2 protein chains.
Amino acid sequence: MEHLPSWLLTQTAAHAGRLVTERFAEVGARGYHYRLLETLLGGPASQAELGRRTGIHLSDMVAVLNELTADGYVERSPDPADKRRNVVTITDRGRERAAELAARAEAIQDELLTPLTAAERAELVRLLSLLRKGAAPA
Amino acid sequence: MEHLPSWLLTQTAAHAGRLVTERFAEVGARGYHYRLLETLLGGPASQAELGRRTGIHLSDMVAVLNELTADGYVERSPDPADKRRNVVTITDRGRERAAELAARAEAIQDELLTPLTAAERAELVRLLSLLRKGAAPA
DNA sequence: CGACTAACGTTAGGTGGACTAACGTTAGTC
DNA sequence: GACTAACGTTAGTCCACCTAACGTTAGTCG
């Protein structure tokens, strides 16, 4: 069983997930928060668009945006051009939060990848990216 | 964010997890079932020992063994040498089930790793194994 | 031999990520 | 105006993973 790539993937991802959960929990955040704030640094977007970019399901998006809005990290406003949509915008406070979480995310990578050399890290990223492409319509 | 190894890991693991869930659900199984049956092929063991070998938490172990026992794949009996313990044994029916799930697991690897060459697959396994060792006391 | 600690197994519950289904409003097309 | 699709929301499920508390049993120690 330990020879199975899917097993190795899910076990190492569980380890990565624990690191992410622990380090973000130290500042009252979760993985979804980081994912959304990072995406919004690229500019305002609708909830549906954010869902497409981040992989967060629309039903979960509502809850996460509620949390980020309550904490003042993002703002939601109706799109005057299309009343079906909200436009979600990051706030200054949200930019700071994104920077804080990004720093934590980088530290997590270092911790996670400690057993690997720099060349091995690059190769791992390359191989995982190939697998990601193979799973595109996720 | 897409450059982060932890992100790539969790996204590819989610993809692997979906494949595992879908393929096993086709025959009414889950990942924990396969993990336990595979481990029991190595001989009878206590629940605590099974927990240590598989990484399945003891509280989840109870539920999974209940399911496998109900379906006739394993048997539980008290250990005469130590009444605190149960001894869990795979049945003939369980061996067949393990073989069926192992075949599915191999097919999942092929599907998951389609974008990679044989050399790349070996390298991915090597790199992930290194990361697993780095997270040993999980 | 009783007190204490640890192992074992069970029950009950929680978390986070991921997902489904149904609904009401809005926009675009025919 | 009817129809279809997009958008956002609500309510829920599933799975892997995890914590806490409890009762029974076994081993150690004074």
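If you're wondering where the values come from, they're calculated on a predicted model, not measured in any experiment. Letters go in sequence order (proteins before strands), and every chain restarts at 1.
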Expressed in angstrom and rounded to an integer, what is the separation of [X] atom [atom1] from [N] atom [atom2]?
X      : N       : atom1 : atom2 : answer
E49(A) : dA6(D)  : CD    : P     : 13 Å
H57(B) : dC8(C)  : NE2   : C1'   : 13 Å
H33(A) : dT15(C) : NE2   : C1'   : 13 Å
L50(A) : dC7(D)  : CG    : P     : 12 Å
R53(A) : dC7(D)  : CZ    : C1'   : 16 Å
R23(B) : dC15(D) : CZ    : C1'   : 17 Å
I56(A) : dC7(D)  : CD1   : P     : 17 Å
R30(B) : dC17(D) : CZ    : P     : 11 Å

Closest non-hydrogen atom pair between A13(B) and L9(A), with its separation: CB-O, 3.8 Å
Heavy-atom closest contact (G31(B) atom, V20(B) atom, distance): CA-CG1, 4.4 Å
Is [X] reaching over with its side chain to a backbone N or O of [Y], donor-acceptor style, under 3.5 angstrom?
X       : Y       : result
D82(A)  : R84(A)  : yes
T54(A)  : R35(A)  : no
Q109(A) : A105(A) : yes
T69(B)  : N66(B)  : no

Qualifying salt bridge (charged side-chain N to carboxylate O under 4.0 Å, His left out) pairs, either residue in residues 60-74 of chain A, two or more places apart: R30(A)-E67(A)
Contact residues, residues 58-69 of chain B to DNA chain D [heavy atom, < 4.0 Å]: S59(B), D60(B)
Sugar-phosphate only, base, or nothing, as touched by G31(A) at under 4.0 Å among non-hydrogen atoms: sugar-phosphate
Check the phosphate of [N] against [X], side-chain N and O only, distance under 4.0 Å to OP1 or OP2. Yes or no?
X      : N       : result
Q11(A) : dC17(D) : yes
R35(A) : dA18(C) : yes
R18(B) : dA18(C) : no
Q47(A) : dT9(D)  : yes

Any side-chain heavy-atom pair of L131(A) and H15(B) under 4.5 Å: no
Contacts of R52(A) that satisfy salt bridge (charged side-chain N to carboxylate O under 4.0 Å, His left out) - sequence neighbours left out: E49(A)
Partners passing salt bridge (charged side-chain N to carboxylate O under 4.0 Å, His left out) against R104(B) (at least two apart in sequence or in another chain): E26(B)
side-chain contact (heavy atoms from CB on, under 4.5 Å) partner of V74(B), chosen from T91(B), L40(B), L36(B): L40(B)
Within residues 70-90 of chain A, residues whose heavy atoms come under 4.0 Å of DNA chain C: D82(A), K83(A), R84(A)
Test: R97(B) and E100(B) ion pair at under 4.0 Å: yes
Watson-Crick or G-U stems involving DNA chain C, each at least 3 pairs long, distances under 3.5 Å, ordered by first number: C:1-30 with D:1-30
Contact nearer the 5' end of DNA chain D, comparing S46(A) with T10(A): S46(A)
